[in-house]
Amino acid sequence: MDLHFTPEQIAFRDEVRAWIAENLERPFSLEKRDPKHDADSLVEVRRAWQKKLHAAGYLGMGWPAEWGGRGASEADEALLQAELAAADAPQVPNFLGISLLGPALIHHGSEEQRRRFIPKMLACDEIWCQGFSEPGAGSDLASLRTRAERDGSDWRITGQKVWTTFGLWSDWIFVLARTDMDDRYGGISFFLVPIDQPGVEMRGLKQITGESEFGEVFFDGALAKGDHLVGQVGEGWRIAMTVLSYERGAASIMYPAQFDTQLDGLIRGVHEAGRAERDDVEEKLGRLVVENEVMRGNGLRTLADLAAGNAPGPESSIEKIFWSEYHQRLTDSALDLLGPQGQLVASSPSARDEVDWAYEYLWSRAGSIYSGSNEIQRNIIAKRVLRLPSGK
Amino acid sequence: MDLHFTPEQIAFRDEVRAWIAENLERPFSLEKRDPKHDADSLVEVRRAWQKKLHAAGYLGMGWPAEWGGRGASEADEALLQAELAAADAPQVPNFLGISLLGPALIHHGSEEQRRRFIPKMLACDEIWCQGFSEPGAGSDLASLRTRAERDGSDWRITGQKVWTTFGLWSDWIFVLARTDMDDRYGGISFFLVPIDQPGVEMRGLKQITGESEFGEVFFDGALAKGDHLVGQVGEGWRIAMTVLSYERGAASIMYPAQFDTQLDGLIRGVHEAGRAERDDVEEKLGRLVVENEVMRGNGLRTLADLAAGNAPGPESSIEKIFWSEYHQRLTDSALDLLGPQGQLVASSPSARDEVDWAYEYLWSRAGSIYSGSNEIQRNIIAKRVLRLPSGK
Amino acid sequence: MQFELDEDRALLKQSTRELLEKEAPLSETRAVMEDTPEGFSKPFHAQLGELGYPGLLLPEDDGGMGALAFAAVLAEMGRVALPGPFLDLALGVRTLSGCDHEAAARLGERARAGEALVVMARLEDPTRSDPDAPEARFEAGRVRGTKTFVPFGAHADALLVTTREGLALVERPGAGFSATPLPTIDHAQRFAEIAIDEPAELVAEGEAAARLIEEHERLGALGASAGLLGLMERALEITVAYISEREAFGVPIGSLQVLQHRAADMLMQVESSRSAVYRAAWSEEQEPETAAYLTAVAKAWAGAAARYVCGQAIQLHGGVGYTWEYDPHIFLKRTKTLESFYGSTRAQLGRALALRQPTL
Amino acid sequence: MQFELDEDRALLKQSTRELLEKEAPLSETRAVMEDTPEGFSKPFHAQLGELGYPGLLLPEDDGGMGALAFAAVLAEMGRVALPGPFLDLALGVRTLSGCDHEAAARLGERARAGEALVVMARLEDPTRSDPDAPEARFEAGRVRGTKTFVPFGAHADALLVTTREGLALVERPGAGFSATPLPTIDHAQRFAEIAIDEPAELVAEGEAAARLIEEHERLGALGASAGLLGLMERALEITVAYISEREAFGVPIGSLQVLQHRAADMLMQVESSRSAVYRAAWSEEQEPETAAYLTAVAKAWAGAAARYVCGQAIQLHGGVGYTWEYDPHIFLKRTKTLESFYGSTRAQLGRALALRQPTL
């Protein structure tokens, strides 16, 4: 057993840490509090940050060198993500493009597609959003109904997609659409569709936090060029499932790092409120500390398994459930422990400035739903890990 | 809205309270600690207590006067049970006979059956145990397989029953047995079977507490006389379901009364351990107090509904879940709050004497399983109260 | 014994429901959250005043209807997550009526008619002051101090300020008054930090003031508990309706056992809250010696219950549950306000333990 | 990076499992619980001694195998809920080896060979004494005091007694020693209250004694956490097997979604415990600056986790789950012992908060 990172990995982590200290002006939570910003300018902050990361070689690190990679391991990627999370760096606009579309193009796309799309995606000259989910098909993704019909050598897309993160600011969308109505899995294909065209209408989808980072998009005969089909007709489901299983390791120590930063803020806040000496407060903080450290232990184990060549299996469902429900417990406890002070929205001059607890409290409700609800994740564990029987 | 008991009910409650003070030598938990007792002599303590209760007219209070009743309301019955529970009086050996078999005989039995069985059951000259559950049919009671076959005008019973409370000390057992293998519900009949006969073998079933209050019984052509069939052939399921739905109200404020006594002991124990001033202890005790009081509020509401002529419906599932899971939280917390001291078994001279926490801790695990597991209760709430749809 | 409300109160409850569904439905709450600077509909609150609602807690021979009616009305308001200061106003009217003081009586008349918004300013910065011995002072006819999280403190017409000397009434705060908004999660429930140095009248002192403040807190906790009951009751209803309709994998998701059990747990929380809240309200009227205890019990329970129910309402709605467009978030946000103010769950747990007494 | 044990330790784990399944399987635990006055099998513990197990925690050049091997062995013992003082003995051997004292060294040799049972007597009545400043005294070559919940205190051959003066060793306690059994829920884990007034040797003082006691507690918490891991791992296995077989309403109950999710939650607890326990053991060997913190984390987590898993093991077994005949109760009972001793969950939560530090 060995849970040490290699000296090279530690050196890389230190390099990243120093680079962030030099290049990140301020935590993103402070950007969001700045009254000079609106939703548009915040996207520009994110874009600028992505450009910096790209210039420093921190994007697509595990990809082939030709596409910007440096042969990095899952551990390197995980260390990078943990440092970024701990520093509260902005999420890059193309995070889904890079984690999903990138691998799809590299493994399943054509050479022209790679050349055309990857460099601009990495440089954030084009923003991509994801077009997998549909309003009627949440957890049951394969029941999607958006369809693609041939139009000469091109395709016409009709239907609706939701949860298109950064949709309002995107230039392109990668879409799963049905090319055969009768074949549940084999009838799905993978398309690249430009957003600025008559057949596409993108709307913001306001979240309970009041922001509209998500969008919903309506396709009414939108044009997808024939050479913007990724892979073959009918390969869409397989491609999507493959890329969704990548990079699981990268997040494994990211959440504990992010929550550690928030825990720091909470502990400071509780001290300032003069409540740190109470036994009930000690117990609650202690529990939050313990759970987060256990989560990190799980993450290190995942990285160790990856390093030992064991592909991450359905156990990643455990990580998803753990971080999302921990986030809810953390914010619930924080609001209890900080009192009304913790409920102030960031725009209030009296709000605590380390962590925007009001936002986190609301946003935490989403984590147990998106990316496969926790109910679905528990089904997966029961069936694929514990091999429990199916009903009749 | 009126949650007051009537002056008559309060007078009855006071009468009961005074009667208990006069007649109950000591709490049953202290009886159990007394080294002079073994399982047999404890049953005799219970029997003696039932005789006292019977002599005072406290058994079958709601039954017709002919059978010992006094036209008591559910509220009277509930007040009696609450006082008995608060005083930690022994459970009477025929508690299931009185709550299940009594009503079955009164509503569905023959006059001869009533005359033959009811007086001795009330006086505890005969102890009855229940023969409904089977090893292969826990929550799915109707799948029972014990069968009754005609033997002239009599019946021969073959099969196995479990959870026959006080089985080892019983004289009779009331049994649901299958008279038609093909009719799931209509093929079940209700028999009265003497235990002291060659075809019946009763064994103690040791519980996780180390006691054997339960039994399991094996029938191998046991004889049930023809006139010991209750109701008609095939009416057994209907009779059982009817009597199982009676007396729900009687327990509605019993559990909170019992837990209040235990809470008193816990709070005293925590004070004596010098831990009462801790904020975390305050919070945990406060939560136990709140939950128990809320449970009593639910119980009073049930009684009020009964008094207003509303039959208790599937909402009684809520009470079952509430008290059984509260009991687990209470004992869990008690063992945490009292430290190792709380884990001492009653026979230890150093054990706390108010409450046998070690026993309660273990026994509390049973409440969420017996009488219809809490999983079944939640199914009932979902389907019959919330009317949620069935799967395909 | 009877759990149902009597005819008068049942009628009030029913007519309140109809009024709210007509004049202030959930869609209106949403509009107020999005658009109104005050965080509530002034016309609707004027209408409530005309109908006499703010006087609910007055003695019966003064036109009040008692604690059960109050709880029933607050629960109805919870069902539409009514934004605004109604609870604080009703408490203010009651407190003014308990002051043996002419200015208080005069203002009370206007407040109960909905012509003046009176709220109590009580909380101070907890790191600097003890709630039982406020830093705010009443001296030489003026009140001076700083109060925080004053409900609708920026929009009140008059303030009942707790001071070390007693309860001070500030009418028409002027130049010596400033209010800084404290926007919270709940867009439709506005708080303010206020600094005050204004002429005032001492309307209650000593024991009398302490009693009024205690009563204000107790009835505030009762009203908040009732509001929480309404919130979770409605959140459960919309959730059951949603999962009964919504299909996945070819079946309504409400047929899945895990969601059925979740809904069953939500029902247990809601129905237990109903028992606890109405029992506390009933004791306020009929068994005052247990009222403080049973109110602490109700508030401690209902706050945690509503948090669970409204959180699960979002979860069971799936993706749309965290959109602004669907309603569950409105319930979650209001729950947070009602749970943490009017005596937080943690505070009420301690209170319940301290006040524990036999109730049967 | 690698999570798996290296070859030597994996081999030890495997051979320990085989040994236990052969010589001390769960059925044997049941027999010991029912019949043995000492609460453990003396012959099997002698066998463990012959095989060198009690020396596991000794320095490697003294024949020890380190904390990872210790954790792996304790987890295996947890899988069969092995009754007896093995954990306390291994800790005693380690502590004796840390005393720079001849009598300790001599006894240590015998103890590691399984010839003498040495346990530490540390706890005193918490209402009368502070664990950091015990009432027990070492004076004039004698130790005098009262200790409570001494593991196997009635069956030990020698005692390491914490006194205000340091760590005192009492060999062959005689007439000045009395032990009152303290039977707990867990029939197979015996404790005693002891009163002692016996000749003794002071084997460690001051800083050295404090360091040894701290180490004893830390390694005790690690061993208990590993034991808890084994208990819950096996409890989950038997539960999954049971619900996969048992049918109700015509289907295996393990196909019901609610039970599937419950089992999934149990798995999360077990696997997270595995990560935490082995990480703590690894830090004990490789990263001592984080060991105290990570051990507190592991114990705080594993205690609560095992309580949940073993409680649900009973629930998912239904009726037979609360019979003596089925195994789940054995796991629940041992869990209670391991959770509340070796630093209770509550104590470890406080410790984890106090010791929190960056681990990456």
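In what follows, chains are A, B, ... by sequence order, proteins preceding strands, each numbered from 1.
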Does A:Ser364 reach the main-chain N or O of A:Tyr361 with its side chain, forming a donor-acceptor pair under 3.5 Å?
yes
Part of A:Asn298 within contact of chain D (heavy atom distance under 4.5 Å)
both
Top of A:Leu285, A:Asn379, A:Leu263 for chain D proximity - count of heavy-atom pairs under 4.5 angstrom:
A:Asn379
Note, A:Arg301 side chain near D:Arg274 side chain (heavy atom, < 4.5 Å)
yes
Walk me through whether D:Glu339 and D:Lys336 qualify under salt bridge (Lys or Arg N to Asp or Glu O under 4.0 Å).
CA-CA 5 Å; D:Glu339 190 198 355; D:Lys336 194 70 232 171; 3.6 Å; yes
Side chains of D:Thr239 and D:Gln312: do they bring a donor and an acceptor to under 3.5 Å?
no
For side chain to side chain contact (heavy atoms under 4.5 Å, CB included), just list the numbers for D:Arg356 and A:Ile267, CA-CA rounded to whole Å, side-chain angles, deciding distance to a tenth of an Å, and then say yes or no.
CA-CA 11 Å; D:Arg356 178 172 182 250; A:Ile267 292 170; 3.5 Å; yes
D:Arg17 side chain near D:Arg79 side chain, heavy-atom distance below 4.5 Å:
yes
Side chain / backbone / both / neither for A:Arg17 at chain D, heavy atoms under 4.5 Å
side chain
Residue D:Tyr278 versus chain A: region with a heavy atom under 4.5 Å:
both
Between D:His317 and D:Tyr242, what is the ring plane arrangement, given parallel below 30°, perpendicular above 60°, and tilted in between?
parallel
Name the region of A:Asp264, side chain, backbone, both or neither, that has any atom closer than 4.5 Å to a heavy atom of chain D.
both
Region of D:Arg279 in contact with chain A, defined by heavy-atom distances below 4.5 Å:
both
Closest-packed option against chain D by number of heavy-atom pairs under 4.5 Å, given A:Gly297, A:Pro389, A:Ala307:
A:Pro389
Tell me, out of A:Glu293, A:Arg296, A:Glu282, who's got the most heavy-atom pairs with chain D below 4.5 Å.
A:Glu293
Flag the one option from A:Arg387, A:Met295, A:Lys383, A:Gln9 with the top tally of heavy-atom pairs under 4.5 Å to chain D.
A:Lys383
Pick from A:Ile381, A:Val294, A:Ile321 with the largest number of heavy-atom pairs that fall under 4.5 Å of chain D
A:Val294
Heavy-atom proximity to chain A below 4.5 Å, by part of D:Ala264
both
How are the rings of D:Trp301 and A:Phe322 set to each other: parallel, tilted or perpendicular (split at 30° and 60°)?
parallel
Can you say whether D:Leu294 sits under 4.5 Å from chain A via the side chain, the backbone, both, or neither, judging by heavy atoms?
side chain
For A:Ile380, is it the side chain, the backbone, both, or neither that has a heavy atom closer than 4.5 Å to a heavy atom of chain D?
neither
Within the side chain of A:Asp88, is there an N or O that forms a donor-acceptor pair under 3.5 Å with the backbone of A:Ser29?
yes
After noting the C-alpha distance and the side-chain angles of A:Tyr58 and A:Trp19, does the key distance pass the ring pair (Phe, Tyr, Trp, His ring centres under 6.0 Å) rule?
CA-CA 11 Å; A:Tyr58 290 139; A:Trp19 183 87; 5.1 Å; yes
What part of D:Glu271 gets closer than 4.5 Å to chain A, counting heavy atoms only: side chain, backbone, both or neither?
both
Okay, side chain of D:Glu284, backbone of D:Leu68: is any donor-acceptor separation there less than 3.5 Å?
no
So what's closer than 4.5 Å to chain A heavy atoms on D:Gln257: side chain, backbone, both or neither?
side chain
Closest-packed option against chain D by number of heavy-atom pairs under 4.5 Å, given A:Asp305, A:Val385, A:Leu300, A:Leu303
A:Leu300
Between D:Met268, D:His261, D:Arg262, D:Gln260, which shows the greatest number of heavy-atom pairs under 4.5 Å with chain A?
D:His261
